[in-house]
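Step one of this worksheet: look at the structure below.
In what follows, every heavy atom counts, from backbone to side chain, and hydrogens, waters and symmetry copies are set aside. Values in this document were obtained by computation on a predicted structure and should not be read as measured data.
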Amino acid sequence: MSIPSFFKMYQALIARPSISSLDPSWDHSNKAVIELLADWLEQLDFDVEIQPLKNKPNKFNLLATRGVGSGGLLLSGHTDTVPYDQKRWNFDPFKLTEQDNRWYGLGAIDMKGFFAFIIEALRDLPANQQTKPIQILATADEETTMDGARQLNHFSQLKPDHCIIGEPTEMRPIRAHKGHLTESIRVTGRSGHSSNPALGINAIEIMHQVISQLLEFRNGISHKYSNKLFEIPYPTLNLGAIHGGDNANRICGCCELHIDIRPLPGMSLADLYSELNTALKQLMLSSPGTIELTSMHPPIPGFEQAENSKFVQLTEQISGVQAEAVNYCTEAPFIQQLGCDTLVLGPGSIKQAHQPDEFLDLSTINQSQQAINNLIRRLCF
């Protein structure tokens, strides 16, 4: 492994902002990262196809393919990062900085850096000995809508046997994770002077009743559904943000609550929404036209790869640890729909994801690189 060339790849990836955010003032195109990856992969004799996202002409997916025939291995990652709080960073987020045996930078492990690892691995492996196709997928907007992963049908030649998604797992194979729903509940009342409650309808008071129902709903689903694979074995609901009112002497005319729900794999999202609506039904009937439930992004289902899969067994053998389940979510359920065995496995720690001063621990590079090389070699050489 050439550390200087590896550092330069990392440096180039970090230097190209590709933030995805529902706030337009933060949102960036990922075009610069996609073009960089396309150039590197073409130099390694990959055929590269770039597709703009539907209704997002400044966002792109990339699929690079080397080798003929069907099946093979797909190595997948997202090109976007979360926004950052400059006041909490001690380093320039867009300049790879080495300090304390770490590389600091936005996307160092979540997850631009994965592309540097797999390209370095491909440079070390003899292309003329490759026996199965190798494909590289780079997606857009994983950190917001997952629209990139939702539009994989645009690639007609994407039919792998196996897929590794290189999210930061400390090279521990992840075979299951929860889904993700983000919902907005808006209560629209009627403002008025606080000296006479009859002049208005207080949205905060109605929201208080909404929250009571949500807590009952949360308690119900936590007892109804369970999966022992997970450290937290039940679906969770978090009351994440609330905004309402503007002054103590005004009846609050509007209040909005954002909630996060993490369903288990195998749970029907349609049934979950039905249960949520049922929980709020009586309040909606008693306060007609005041309560509105809206999804803030399309729901993400849970994911599970069968434990007895030979792919799971191979990654356990190479990593030296048993496959696990985690509570966060990835693009895995969308890629699994391609019909391939799918696992999440990548360098870096999830503890650094979405954190100020995100970093890669340099002491983990050689072991991570060796595992990635071994995996590619076992499946495609």
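In this structure the side chain of P233 never reaches within 4.5 angstrom of the side chain of N227, judged on heavy atoms. Two residues are said to be in side-chain contact when any heavy atoms from C-beta on lie closer than 4.5 Å; L239 and L257 meet this criterion. Between F115 and T79, the closest side-chain pair of non-hydrogen atoms falls below 4.5 Å. Looking only at side-chain heavy atoms (C-beta outward), E120 and S5 come within less than 4.5 Å of each other. Between I34 and K31, the closest side-chain pair of non-hydrogen atoms is not below 4.5 Å. With a 4.5 Å cut-off on side-chain heavy atoms, L360 and Y10 count as touching. Counting heavy atoms from C-beta on, the side chains of V210 and L280 come closer than 4.5 Å. Taking 4.5 Å as the limit, some side-chain heavy atom of P52 sits within range of a side-chain heavy atom of F60.
Taking 4.0 Å as the cut-off between side-chain N and carboxylate O, R66 and D47 do not count as a salt-bridged pair. By the 4.0 Å N-to-carboxylate-O rule, K224 lies close enough to E275 to be salt-bridged with it. In this structure, D147 does not pair ionically with K59, as no charged nitrogen and carboxylate oxygen lie closer than 4.0 Å.
I259 is connected to Y225 through a chain of hydrophobic side-chain contacts under 4.5 Å among Ile, Leu, Val, Met, Phe, Trp and Tyr, so both are in one cluster. Note on V33 and I109: same hydrophobic cluster, where clusters join Ile, Leu, Val, Met, Phe, Trp and Tyr whose side-chain heavy atoms are under 4.5 Å apart, directly or indirectly. By the rule that hydrophobic residues join a cluster once side-chain heavy atoms approach within less than 4.5 Å of another member, L264 and L237 end up as members of one cluster. L73 and L63 end up in different hydrophobic clusters when Ile, Leu, Val, Met, Phe, Trp and Tyr side chains are linked at under 4.5 Å. Linking Ile, Leu, Val, Met, Phe, Trp and Tyr residues whenever their side-chain heavy atoms come within less than 4.5 Å places L41 and M111 in a single cluster.
For E292 and T188, the side-chain atoms include no donor-acceptor pair closer than 3.5 Å. D80 and N30 are not linked by any side-chain donor-acceptor pair at a separation below 3.5 angstrom, with hydrogens and angles left out of the test. Between the side chains of D23 and S25, a donor-acceptor pair is found at a separation under 3.5 Å. One side chain, H354 or D110, offers a donor N or O that lies under 3.5 Å from an acceptor on the other. For the 3.5 Å distance criterion, the side chains of S184 and E256 qualify, holding a donor opposite an acceptor.
When all heavy atoms of P333 and F303 are compared, the closest pair comes out as CD-CB, 3.8 Å. The two residues G189 and A203 make their nearest non-hydrogen contact at N-CB, 4.0 Å. Residue P347 comes nearest to G166 through the heavy atom pair CD-O, 4.4 Å, listed as atom of the first residue, atom of the second, then distance. Residues E143 and T81 come closest through the heavy atom pair CG-C, 3.9 Å.
Between the CG atom in L338 and the CG atom in L74 there is a gap of 7.5 Å [rounded to 0.5 Å].
Residue pairs satisfying the ring pair (Phe, Tyr, Trp, His ring centres under 6.0 Å) criterion with at least one member in residues 19-55, sequence neighbours excluded, are listed as follows: W26-Y84. Screening residues 143-170 for ring pair (Phe, Tyr, Trp, His ring centres under 6.0 Å) gives H162-F311 as the qualifying pairs, with residues at least two apart or on separate chains. Residue pairs meeting the ring pair (Phe, Tyr, Trp, His ring centres under 6.0 Å) criterion with at least one member in residues 260-299, sequence neighbours excluded, are H180-H297.
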List, one per line, each side-chain donor-acceptor pair under 3.5 Å for residues 170-178, sequence neighbours excluded.
from: R172; atom 1: NE; to: E324; atom 2: OE2; distance (Å): 2.8
from: R172; atom 1: NH2; to: E324; atom 2: OE2; distance (Å): 2.7
from: R175; atom 1: NH1; to: Q305; atom 2: O; distance (Å): 2.9
from: H177; atom 1: NE2; to: T330; atom 2: N; distance (Å): 3.2
from: H177; atom 1: NE2; to: T330; atom 2: OG1; distance (Å): 2.9
from: K178; atom 1: NZ; to: I232; atom 2: O; distance (Å): 2.8
from: K178; atom 1: NZ; to: Y234; atom 2: O; distance (Å): 2.8
from: K178; atom 1: NZ; to: N327; atom 2: OD1; distance (Å): 3.4

Which donor-acceptor pairs under 3.5 Å do side chains of residues 371-381 form with protein atoms, sequence neighbours excluded?
from: N373; atom 1: OD1; to: Q369; atom 2: NE2; distance (Å): 3.0
from: N374; atom 1: ND2; to: Q370; atom 2: O; distance (Å): 3.4

**OP:** Begin with the C-alpha distance, continue with both residues' side-chain angles, and end with the deciding distance and a verdict on ring pair (Phe, Tyr, Trp, His ring centres under 6.0 Å) for W103 and F7.
**Re:** CA-CA 9 Å; W103 284 349; F7 179 86; 5.2 Å; yes
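A donor-acceptor contact shorter than 3.5 Å links the side chain of R150 to the backbone of T145.
I300 belongs to a hydrophobic cluster with M146, F334, counting contacts under 4.5 Å between side-chain heavy atoms of Ile, Leu, Val, Met, Phe, Trp and Tyr, direct or through other members.
Under the 6.0 Å cut-off for aromatic ring centres, F359 and F91 do not qualify, their centroids lying 6.0 Å or more apart.
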